> 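Structure in structure tokens, see below.
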Amino acid sequence: RAIAFPSFRFAPLLRSRFRCINTKATSDGTRDYYENRWFQQDEHDRVATMPDDPKELLLKLEKKKKEREKTGEQEHMQILPHIHEKSGFYIPPISLSCLRLSAQKSHHHEVLPFAIERGINLLESSSLFPDSQYVLAEAIQNFPLWVSRTQAIILSKVGFQTTETPRGITISGHSLDLDFLKKELEDSLKRTSLHCIDFFLIQQPEIAFREGLSQEELHSKLEKIFRWLETEVKAERIQHYGISSTALTLPSDHPSFLSLEEILRSAKRAGGTNHHFSVAQVPFNLFQSGLITEKNLADNSLTVKDVAQNEGIAVITFSPLRDASDFRFIEYPSHEDKDMEQLLKESFDLAIGMERSYKETVQENPSLPKFEEIAIAEMLLDSQDNTPNVAVWKDTLDQAIVPYRTSMLNQLTAKKPDAGEWATKYTIITDSLFDRITWNLEHKNHKEGQGLCEFIDKLCPSLGGVPLEMKALRVALSAGTESVSIGMRDVNFVSDNLRALRFPPLPQQDLLHLLLELKNYKSK
């Protein structure tokens, strides 16, 4: 699926403003961060910053206590950072995926400082999202005085080829070519204003199978890449490397399966027994649990998690709140109080009416955007039945539709300044249409989420009393990996996700039983 991402237009300005930081994460630095910050996360610390009225404060504390008793939430953190022996880093149980942070959105700039203040010091970026790397650079340059670069672990991923279009950055392919990867490393270092990236990951190498590469050819190519990466470790431009892949946890007979055992053999041939392959990043969620349920290694006797633990490889999971089909583990509002059919009809009629008025009155010469380029509501009306879920819609809206509308209207008003009033009115009307389409899809997806919640609560009562997204995150945190990477584009998301650390991990037997039953649930 081709996706367009808003591109960052102010890169030269940032490059001239930010100094390049010649330090890297260290064992002592991450330990100091853990010891000085992690234990300042108690709930009462946040409650105490509320209004000064003692009675109101006591009522709030009592309410929090009752909520904790109902859900099993504890007053103090139950899941803590621990040291990863191979890298020497203290890795937080929740890491921040910066991939969808945009420099154009002011509230996105607040997320990284907020997360760093609250104990999240593993920060993930990707060359696929160059905008996010500039936001990360800004955050690193403006760390609080008590945080140094040695205390933050920077993870960067490469592999996808992109093209800049009027609509933004578009995925144009994937490459494991050494020259391409070298340039990707160089560009990532420049965008983040760093001399060294701590975890450097090759993203989705299994895509090469689609281009006709055999298992042997792919592992031979990976070995060459690892040899190069070992030289980059010696040059101190990276500290460790690894793989980010959805194929590691597939059944061993799947045509796209990628064996962690074979990858480690390649790493040992490239770097010897002291190689720096240190990280495997894989999906893990309610519907993708192969990390701990799929025995695809050692003649189908061990899971990826088993082998990673035996070899000292850090496992970082991603997609805790969404599965491979883009189903989101989120409880959406029902909107039962709204007449969705009537609201949608009103919004479509207004927007399409404006588009037709553009064709009749505004578009006066061929140099202006054509009616077919402006007519967003017309296009959306034809595609209403093809939108699978609200998550896909929200991503498409944020990454493609809104940037495209902005581009078209900017072109219009640049060539016809007196069309500004029409463009403003059209923006307001289509914003209302977008909201109502979102409500309609949330209404449809609400029932699916509600059914899944009921199923989980029946199988695992200890997950009761919290919304679906909290259930999903608690399951992800119970897998026993080094960290769970979560995309957070709002400071409230950071606080909500950190709350999951106040619940104890699920017992492994209960977790495995739940995940196996969820496989059956999904297949039905």
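The first residue of the sequence shown is numbered 1, and numbering continues consecutively from there. Just so it is clear, the values below take in all heavy atoms, side chains as well, and ignore hydrogens, waters and symmetry mates. No experiment lies behind these values; they were computed from the predicted model shown.
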> Report the C-alpha distance between H108 and V135 in whole Å, list the side-chain angles of each, state the deciding distance to 0.1 Å, and finish with yes or no for side chain to side chain contact (heavy atoms under 4.5 Å, CB included).
CA-CA 8 Å; H108 283 192; V135 177; 5.5 Å; no
> Strictly below 4.0 Å, N to O, side chains only: are K183 and D177 in salt-bridge contact?
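No, no charged N to carboxylate O under 4.0 Å.
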> How about S126 and F129: do any of their side-chain heavy atoms sit closer than 4.5 Å?
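Yes, their side chains come closer than 4.5 Å.
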> Tell me whether the centres of the aromatic rings in Y426 and Y358 are closer together than 6.0 Å.
no
> Within the side chain of D198, is there an N or O that forms a donor-acceptor pair under 3.5 Å with the backbone of I154?
yes
> How are the rings of Y33 and W146 set to each other: parallel, tilted or perpendicular (split at 30° and 60°)?
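It falls in the parallel class, under 30°.
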> Is R322 salt-bridged to D326, cutoff N-O under 4.0 Å?
yes
> L473 and V484: which non-hydrogen atoms are nearest, and at how many Å?
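Closest approach of L473 to V484: CD1-CG1, 4.2 Å.
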> Going from NE2 on H443 to CE on M340, what distance comes out if it is rounded to the nearest 0.5 angstrom?
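Result: 8.0 Å between the selected atoms.
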> Taking Q411 for its side chain and L368 for its backbone only, find out whether a donor-acceptor pair lies under 3.5 Å.
no
> In terms of side-chain heavy atoms, does E442 have a donor or acceptor partner in H335 at a distance below 3.5 Å?
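Side chains of E442 and H335: pair found under 3.5 Å.
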> Just verifying a value: how many Å separate E331 CD and E469 CD, rounded to the nearest 0.5 Å?
6.0 Å
> Taking atom types as modelled and ignoring hydrogens, do the side chains of T246 and E206 form a donor-acceptor contact shorter than 3.5 angstrom?
yes
> Taking H174 for its side chain and Q203 for its backbone only, find out whether a donor-acceptor pair lies under 3.5 Å.
yes
> Indicate the atoms forming the closest heavy-atom contact of A351 with A377, along with that distance.
CB-CB, 3.5 Å
> Just so I know, are the side chains of L155 and L123 near enough to count as touching, which here means a heavy-atom distance under 4.5 Å?
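Side chain of L155 against side chain of L123, heavy atoms only: no contact under 4.5 Å found.
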> For a side chain to side chain contact (heavy atoms under 4.5 Å, CB included) check, start with the C-alpha distance between S172 and F160, then their side-chain angles and the critical distance, and finish with the verdict.
CA-CA 8 Å; S172 57; F160 282 100; over 6 Å; no
> Quick one: pull up NZ in K24 and CD1 in I197 and give me the separation to the nearest 0.5 Å.
13.0 Å
> When you look at F200 and H240, which way does the side chain to side chain contact (heavy atoms under 4.5 Å, CB included) test go after all the steps?
CA-CA 6 Å; F200 187 74; H240 302 272; over 6 Å; no
> Any side-chain to backbone donor/acceptor pair from S347 onto L344? Under 3.5 Å, distance only.
no
> Between Y521 and F455, is the ring centre distance below 6.0 Å?
yes
> Any side-chain heavy-atom pair from M488 and I94 closer than 4.5 angstrom?
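Answer yes - side chains close enough.
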> Just checking, any donor-acceptor pair under 3.5 angstrom between side chains of Q281 and E124?
yes
> Nearest 0.5 angstrom please: L122 CG to S483 OG, how far?
5.0 Å
> Answer yes or no: is there a side-chain heavy-atom contact under 4.5 Å between N142 and E138?
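In short, these two side chains touch, coming nearer than 4.5 Å.
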> Within the 4.5 Å heavy-atom criterion, are F143 and Q151 side-chain neighbours or not?
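No, too far: nothing below the 4.5 Å cut-off.
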> What are the two closest heavy atoms between T481 and V315, and how far apart are they?
CB-O, 3.3 Å
> Take D349 and K345, measure what salt bridge (charged side-chain N to carboxylate O under 4.0 Å, His left out) needs, and give me the verdict at the end.
CA-CA 6 Å; D349 287 348; K345 184 179 184 305; 3.0 Å; yes
> Taking NZ in K182 as the centre, count heavy atoms belonging to other residues, nucleotides or ligands within less than 6.0 Å. Is the count above 12?
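Correct, the count exceeds 12.
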> Check A25 against Q239 and note the closest heavy-atom contact, atom names and distance.
O-NE2, 2.7 Å
> Quick one: does R436's side chain have a donor or acceptor within less than 3.5 Å of a partner on L343's backbone?
yes
> Determine whether the side chains of R405 and T430 contain a donor N or O and an acceptor N or O closer than 3.5 Å.
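Side-chain D/A pair, R405 to T430: present.
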> For the rings on Y332 and H446, is their centre-to-centre separation under 6.0 Å?
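So the answer is no for these two rings.
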> Roughly how far, to the nearest 0.5 Å, is the CG atom of L96 from the OG atom of S485?
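Output value for this atom pair is 7.5 Å.
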> Please report the closest heavy-atom contact between Q204 and S245, naming both atoms and the distance.
OE1-CA, 3.9 Å
> Are any non-hydrogen side-chain atoms of L201 and I243 less than 4.5 angstrom apart?
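No, every pair of side-chain atoms sits at 4.5 Å or beyond.
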> Do T71 and R499 touch side chain to side chain, with heavy atoms closer than 4.5 Å?
yes
> Return the CZ to CG distance between F329 and L286, rounded to the nearest 0.5 Å.
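Output value for this atom pair is 4.5 Å.
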> Does the side chain of Q450 come under 3.5 Å of the side chain of E454 through a donor N or O and an acceptor N or O?
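Side-chain D/A pair, Q450 to E454: absent.
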> Taking the side chain as every heavy atom from C-beta outward, state whether L350 and L433 have any atom pair closer than 4.5 Å.
no
> For residues S188 and Q133, is any side-chain donor paired with an opposing acceptor at under 3.5 Å?
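Side chains of S188 and Q133: pair found under 3.5 Å.
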> Flag yes if more than 12 heavy atoms outside K522 fall under 6.0 Å of its NZ atom; otherwise flag no.
yes
> Does the side chain of E184 come under 3.5 Å of the side chain of S127 through a donor N or O and an acceptor N or O?
yes
> Would the F89 and F199 ring centres measure less than 6.0 Å apart?
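Aromatic pair counts; centres sit under 6.0 Å.
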> Quick one: do K157 and S244 satisfy side chain to side chain contact (heavy atoms under 4.5 Å, CB included)? Show the steps, please.
CA-CA 8 Å; K157 301 190 288 190; S244 176; 3.7 Å; yes
> Could you report the tightest heavy-atom contact between E372 and M379, atom names first, then the distance?
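Result for this residue pair: O-CE, 4.2 Å.
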> Please determine whether salt bridge (charged side-chain N to carboxylate O under 4.0 Å, His left out) holds for the pair K471 and D457, giving the CA-CA distance in whole Å, both sets of side-chain angles, and the decisive distance to 0.1 Å.
CA-CA 9 Å; K471 298 181 199 297; D457 289 346; 2.6 Å; yes
> Spell out, as yes or no, whether a donor-acceptor pair under 3.5 Å connects the side chain of N285 to the backbone of S319.
yes
